[in-house]
Amino acid sequence: MDMGGGGEVNNTKILDELFENCVGNTQIFDDREVLRHDYLPDKLPHRGEQIKSLGQTVAPVLKGARCSNIFLYGKTGTGKTAVTKYVLNYLETKAKEFNAPCKVCYVNCRFAGTPYRVFARLCQSLGVFVPFTGLSVGEVFDRFRTGLDGSRVVFIVVLDEVDLLMKTRGDSVLYELTRINEMLCNSKVSLVGISNDLRLKEFLDPRVLSSLSEEEIVFRPYDAGELRNILFERAQLAFREGVLSDGALSLCAALAAAEHGDARRALDLLRVAGEVAERKGVDVIVEEHVREAERRIEHNRVTEALRNATLHSKLVILTLFHLSKAGVRRAITGQIYELYNELCGELGVTPLTQRRVSTLVNELDAIGLLNARVVSMGRYGRTKKIRLEVTRTLVRKVFGDDNRIGCLVKYASKCLSKRTRDGS
DNA sequence: CGTCCACAGGAATGACGGGCGG
DNA sequence: CCGCCCGTCATTCCTGTGGACG
């Protein structure tokens, strides 16, 4: 009782301090929302050309005509989504002004990752009710079509990150949408496809390709100077005056430019650097804070990825952890599968097949937790060489908290050392 | 120059928990 | 309640392959 009461007082004190710091400590930020990537600024520096092209393409909509389908290519953080939203938002307000019946539906294929969900999303934007599961894809598509035809509009469908949908589900959605106009009497559909992958064309059915790529816009990565300008514009709104040092600004731009010219990355760096400075209680953001931000972002990313991995993915990581501890820098598939099996046995979990583990390895490679590359060892077959890309300390720390497999962090080293003795 | 290792990775299929309309 | 379809994860079966070795 007494202990509880004492703790409470202490906790309140801690929280008070924390909250007051947060409220009182406004010498860094004016409005940090401006630095989030879903924020749409009213100026988009260095994208005038793209805005113009997209505007030209969609302009016929204001006369009630269907506009050409258009495809936007470019790496992440090159402003594709921002330009699209910017132009289409404006188009919608203009359409209202001119009484042109037009509607825009924005679908992010990362979140609507299946044909069903894409069509369901389109239905929803038309006010047509569909359950989130239970119907056949064809049924949802039909509802969308009839709903659309009834509403007598030019309907612009934006499919963002459409490459993700293509790679896992093929081009059936795009195929249906490019052909839908043949079945409509009162409405028309135009497509805006946005892809992060410049090679997407290679995966497309030629019929889809020709109708989809009536127009194309390529978004080049920003260079360091352009990123600097973008950051500068945002920093004006985000930070109080004089908070951001010139050096910190340039460093954010330079780091992001070195990666892909990714503006999102640059903004993240700037925001986190601001938070670092805020927490330190200083009132100027300097280069060191940006460096710290870089480390922190990476650390968070990896920790989250490790923590959120599925049981078997964790076991694969753990296998690599033990192999690397035993001095195996680059393990091959066979080695991994063998030890993985053993770990599963120890946990009382039925192991997955080697085929499945192989795709898990590929997935982990894609996230960057490990590095896998196929090599041929000639006579001795063809395999993947796999290396852990995370420090063992971090693995130990994150998995140590996981009560399910935490025990294995220590255990397996025994059976591994036994095996290496037997082997040699 | 062919063989053959040790897998890679595609395709088809199945199991499962969930939700629908009738 | 049934029969059907959904998406997800996993299995099974399969064909493909780079290059050291003989």
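These values consider heavy atoms only, across backbone and side chains, with no hydrogens, waters or symmetry-generated copies. Numbers restart at 1 for each chain; the letters A, B, ... are given by sequence-line order, proteins then strands.
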Exercise for review: Indicate whether OP1 or OP2 belonging to B/dA8 is found under 4.0 Å from a side-chain N or O atom of A/Thr333.
Suggested key: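 Result: yes.
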Review point. Can you find a side chain N or O atom of A/Asn362 that sits less than 4.0 Å from OP1 or OP2 on B/dA8?
Key: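 Looking at the OP1 and OP2 atoms of B/dA8, neither is under 4.0 Å from any side-chain N or O of A/Asn362.
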Exercise for review: Could you check A/Asn108 against A/Arg121 for side chain to side chain donor-acceptor pair (under 3.5 Å), going step by step and ending with a plain yes or no?
Suggested key: CA-CA 10 Å; A/Asn108 188 323; A/Arg121 181 85 176 65; over 6 Å; no
Tell me the interatomic distance from [X], atom [atom1], to [N], atom [atom2], rounded to whole angstroms.
X	N	atom1	atom2	value
A/Ile386	B/dA8	CD1	P	7 Å
A/Tyr340	C/dA10	OH	P	9 Å
A/Ile336	B/dA6	CD1	P	16 Å
A/Phe141	C/dC5	CZ	C1'	18 Å
A/Gln354	C/dA10	CD	P	16 Å
A/Lys384	B/dC5	NZ	C1'	17 Å
A/Arg330	B/dC7	CZ	P	16 Å

**Study point:** Results of ring pair (Phe, Tyr, Trp, His ring centres under 6.0 Å) for A/Tyr73 - residues two or more places apart only
**Key:**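 For A/Tyr73 the ring pair (Phe, Tyr, Trp, His ring centres under 6.0 Å) partners, ignoring immediate neighbours, are A/Phe71.
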Check your understanding: Quick one: what's the B/S/- string for nucleotides 12-22 of chain C, heavy-atom cutoff under 4.0 Å, read 5' to 3'?
Key -> B---BBBBBS-
Exercise for review: Mind listing the residues from residues 311-321 of chain A sitting with a heavy atom below 4.0 Å of DNA chain B? Number order is fine.
Suggested key: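 Nucleic-acid contacts, sorted: none.
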Exercise for review: Indicate whether the side chain of A/Arg228 and that of A/Ser250 have a donor and an acceptor atom separated by less than 3.5 Å.
Suggested key: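 A donor-acceptor contact under 3.5 Å links the two side chains.
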Check your understanding: Can you find a side-chain donor-acceptor pair between A/Lys385 and A/Asn371 that sits under 3.5 Å?
Key ->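 There is no such pair between these side chains.
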Review point. Do the side chains of A/Arg265 and A/His260 get nearer than 4.5 Å, heavy atoms only?
Key: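 A side-chain contact is absent here, since even the closest heavy-atom pair is not under 4.5 Å.
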Exercise for review: Decide yes or no for A/Leu91 and A/Ile156: does some side-chain heavy atom of the first lie under 4.5 Å from some side-chain heavy atom of the second?
Suggested key: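 Contact flag for A/Leu91/A/Ile156 side chains = yes.
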Check your understanding: What orientation do A/Tyr222 and A/His46 show, parallel under 30°, tilted 30 to 60°, or perpendicular over 60°?
Key ->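 Rings of A/Tyr222 and A/His46: perpendicular, as their planes differ by over 60°.
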Review point. CD of A/Gln236: more than 12 outside heavy atoms within 6.0 angstrom?
Key: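 Counting neighbours around CD of A/Gln236, more than 12 heavy atoms of other residues, nucleotides or ligands fall under 6.0 Å, so yes.
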Practice item. Give the nucleotide from the list C/dT11, B/dG9, C/dG7 with an atom nearest to the side chain of A/Leu352. Key: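 Closest nucleotide among those given: C/dT11.
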Review point. Can you list the steps and then say if A/Thr84 with A/Thr81 is a side chain to side chain donor-acceptor pair (under 3.5 Å)?
Key: CA-CA 5 Å; A/Thr84 307; A/Thr81 308; over 6 Å; no
